[in-house]
Amino acid sequence: MAASTVDGEVEVFTLPFKKSRNLKLRSVWGMGKELYMFQSQIPHKEREESQRSSSESKIFDVQWNAEMHDIARKLVNETHNIFVILQGQVKSLSQSILYSQLRKASKQYRAVLKACSMELMQIADSCTDESKKLKYEEHIQEFEMVQLIWSLCEILFIDVAPGGLVLTSLLDWLQWHFQEGKQLATKVIHSDQPCEHPQYWEAIYRLLLQGDTENVRKLLALNVYSHSDSFIAADEVLKKMPRWTYQHAQSVAEYEMKWRHWREECVRRYEAAQFAAYPELETIVQVLCGDEAVFKDLKDCCETWYHLLVSKLLYQNPTCRIQDLTYEIKPCQAVYSNSSPQIQELDNILQAALEFDLHQVIKDSCTFLSNRSWWFVSHLADILHHCGQLDPQELPFGSNLREYLLLEYATSLMAHKSLYQVGIDYLDFCPVFGRSYIEAYVERIPLETERKAHKILHICLERDLLVQAQSICKVMGMKCLKQERFGSALSWFLKSKDATVIKQVTDRFLNEYCEEGKFSHLDLIDHLGPSMLITNSLTFLAKYREFHTFYNNGDVKGAVNLLLSLISSRLAPKFFWMTMLMDALPLLNLPEVVFNVSQTYELLHCLEELQRDGTSNYKNLKETEIEKLKLLRIALTRNLANAILQERSVRTVSIS
Amino acid sequence: MLLSITVLFRILSWLKTSLFLQDKYWCHFYIMFVAKSISSEHKDIIHDVSFDYHGTRMATCSSDHTVKVWDLEKGEWHCTASWKTHSGSVWRVTWAHPDFGQVLATCSFDRTAAVWEELSGDVGTKGGSSSNTWIKRTSLVDSRTSVTDVGFAPKHLGLQLATCSEDGIVRIYEAVDVMNLSNWQLQYEFNCNFKLSCLSWNTSRMHPPMIAVGSDEPSPAAGGKVQIYEYSETNRKWQKVEIIYTVTDPVHDVRFAPNMGRSYHLLAIASNDLVILTLKNLRKEGGNAGGPSRFEIRQTGSFDDHQSVVWRVSWNITGTILASSGDDGAVRLWKANYLDSWKCIAVLQSETYASDIEKTAFLAPSIASTPTPGSYR
């Protein structure tokens, strides 16, 4: 879609309402591939009441390409693994080992593609809903085409045959993607009278054009005349046809010589009219001889120009090099020019590949095949990039072609509600923009559940995205705070280490304690650990809780010291002072004197300060509390007296 | 509150080409567009729709003085709050970053802007049907004319809100305490000396705070209709750094694209044409506190496809696709290829030729399947 070279290829989509003069469409982006459109009056003008539009405004939620990744879920997930492993290998392996890994990865991608395509075929076969079936079939078509292009690119750019002899690979390519001949042959063999089958000869021609001489011979053997001289002669030449394989230690020159000898024999036998009795056999031998005219006659058995191209090369120039392919394109296309006047996109892509114009292949594939998914172009470009086939230079958008395509693919994954983790893995391998994209997206993934939030937090921490991690914790904390789940709120805020919001929660805790006399999240407060140092309010909360523990354990001395230091540090919010003073009350009423003189003065000082500036609070106190305050004052005075007595008595004793 | 969402139709938009493969069948490829219609329940036209950061909440504002908030539940939008916000048309509504809680800002013809916060509702007790309460935290009343746009600053600048009004003044407010949104202080104001229609913050973290404003003043004599301001740390004030002289027609919308690590800023301008500008900082980002930034401004695209006025522009999350809407009643999507050349990739439009009868017939099946009030789909 992006790299379209042809102008005027613009999608047009019509919404179900009428254009009006006053109301115009406006749009806002939603998440991913989603637009919200609404009608609005423009420009900004306050109108009279009477002018109000009678019908209420509608909003249109327009989404596109939403379903591809659901259908091809398996493709996305399995190729994701291949991709990630490959990127690791790119970093760690030496050049020569890497190439073999790249070839392997390319084949793995194709295997997954094939598996998905077959799975889809099964689904489509069992599907009863016509419209759905049609949709599946469209996808299958697309998958098949992608495979066709990919395997050709693999032959030409990734798994390049040594010496540049491509024909063997191209034949494999044909046999893999054009199975009509084989299917036909099976049908013929299984019929009652094979040689009487109307498509008997067609099957033979098709197989022959793919170089499948074995099966051609099998079919010929089924003919009733198979014992005639002509048939035996034909069988002989077919059997003798030399094959090029790199496994056998055979030089190109040697093979070329063998082949020339064989062809001369074919021509000789043909000219000697050994096959003249059977015109079909003559056609076969003409093909073997590489006769130009016979290929034209058999063009229907080839179906496409690229099939014809390979077939012709097989019998005319079997040792052709990869660079020679270009010259064969035009004549082969010319053969078909009458039947299909317009040159098709797929043809264009294959042609560009055969002409070694890799950028054109990618460009056209973008335009033609990326409407539903950028899967194909992005993965192919990645492999080609690592093979050194793509220009690594920086393009005007800021990085190279590989990154552009990977970003597109990852973006489409991020727009999907459950494939974001896969998308992020792809973004990890985009050196220039990847990080910014991840930053932008992690803040926008909806945090519906705590689990998902933890997952995304983990993603951030793994990548050292501290700002985003903090934001996630804060968002979750605010959510909990709004729902009055203070414990969860605090634990999220602790992760975000944000003092202002933490104070908000600790104040709520203290408030709650003032009102109910107990803390609701003891475990959390007890296990604050070093995080209590984040902010004063948290330190206070933890220390105050520690005071409770001392008190409950009967450690009066510890409790007294801690309480006093808490009061004198003035860490607590004013509203909590009263509570702390009240906490001192039972300690004051202990039979022994636990507060010495200066400590008692400290408490009195605090009480005075509270009464002095907190009068408004003080007035609102309930009667019971005023009563308590009175009690506190009495207790303090009595303690002071006792403490003075005690301290003096001690001194007296020491003097005496 | 009920919202009947009906899947009105699915359209296979015909794509470019048909393909001849394997001699057997022709096949066509489509981009699939699916449209859902949401009845907005606004009694007058909508002026703005805005999404929160996660795309699961939507706010709409209208000439009927109200704002509505919608929540996405199980793929359907439900209106969870609707309240009267202003005593005039509400022009814009926008969400603050969720770090600050659930906060909205609105601006209106009634010369005010307002900040709203959602109260903690009884979540979970009544499920989605509960109506949430939004309360007004503050009313920003400094403007003497209609406030035409509001925008929260990017999060790294704290909780700041910029407003612009017809009298040409941009005001920047800041929340004194992010936990108490009732206290906002007017931190800065500057006069742009023309009627303002829109503003946009630059979201780049690498650049000093930056705002673009646009004017819909009709007279071309006023010169360039887009100005760019930047906050100078040394002078502690906002300074004008650029005027876009090439845009002299009235401007209705300006939007900075999310920066995404680009080496330049992207600005979309809705005027008589759609204009896309790149601003490349001539000095290194970040450092150098002295003096205002200088930019190399390049017009990467100027399109008259709408054949008339362009009203709105909107960027996707990554700033790679731009949606523009114009007087021709269509919304166009624009995308840059790797050579950074912008092209229209899709057009979404209202039907022009269908008569009312045809339209009724077209919609009839789906109307029949519309749920009756009181039921959820």
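Protein chains get the first letters and strands the later ones, always in sequence-line order, with residue 1 at the start of each.
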Counting only heavy atoms from other residues, nucleotides and ligands, does the tally under 6.0 Å from NZ of A/K503 exceed 12? no
If I measure from the heavy atoms of chain A, does B/L322 come under 4.5 Å with its side chain, its backbone, both, or neither? backbone
Heavy-atom distances under 4.5 Å only: say whether B/S146 touches chain A with side chain, backbone, both or neither. neither
Nearest atoms (heavy-atom pairs only) where B/M179 meets A/V501: SD-CG1, 3.4 Å
Roughly how far apart are B/N259 CG and A/F433 CZ, rounded to 0.5 Å? 9.0 Å
Would you check if A/Y437 and B/T318 make a side-chain contact, meaning some heavy-atom pair closer than 4.5 Å? yes
Portion of A/V432 that has a non-hydrogen atom of chain B nearer than 4.5 angstrom: neither
So how far is it from B/L339 CG to A/K363 NZ, rounded to the nearest 0.5 Å? 6.5 Å
Flag the pair A/E408 / B/Y338 as yes when at least one side-chain heavy-atom distance between them is below 4.5 Å, and no otherwise. no
Apply side-chain contact (heavy atoms from CB on, under 4.5 Å) to the pair B/K155 and A/K474, showing each step before the final yes or no. CA-CA 12 Å; B/K155 190 194 67 178; A/K474 242 171 128 176; over 6 Å; no
From OH (A/Y441) to CD1 (B/I317), nearest 0.5 Å: 5.0 Å
Apply side-chain hydrogen bond (donor to acceptor under 3.5 Å, both in side chains) to B/D305 and list each qualifying residue two or more places apart in sequence or on a separate chain. none
Where on A/L395 is there a heavy atom nearer than 4.5 Å to chain B: the side chain, the backbone, both, or neither? both
Does some side-chain heavy atom of A/D498 sit less than 4.5 Å from a side-chain heavy atom of B/D99? no
Will you find, in the side chains of B/H97 and A/E443, an N or O donor that is under 3.5 Å from an N or O acceptor? yes
Measure the shortest side-chain to side-chain distance between B/M260 and A/R435 over non-hydrogen atoms and say whether it is less than 4.5 angstrom. no
Under a 4.5 Å heavy-atom cut-off, does chain B meet the side chain of A/E403, its backbone, both or neither? neither
Taking side chain as C-beta onward, heavy atoms only, is A/M478 less than 4.5 Å from B/P98? no
Are A/V475 and B/H54 packed together at the side-chain level, in the sense that at least one heavy-atom pair is separated by less than 4.5 angstrom? yes
Rounded to the nearest 0.5 angstrom, the OG-CZ distance for A/S399 and B/R262 is 13.0 Å
Within this structure, what is the CD-CG distance for the pair A/E448 and B/L72, rounded to the nearest 0.5 Å? 9.0 Å
Straight-line distance of A/L407 CG to B/T320 OG1, nearest 0.5 Å: 9.0 Å
Residues in side-chain contact (heavy atoms from CB on, under 4.5 Å) with B/E117, at least two apart? B/V103, B/R137, B/L181
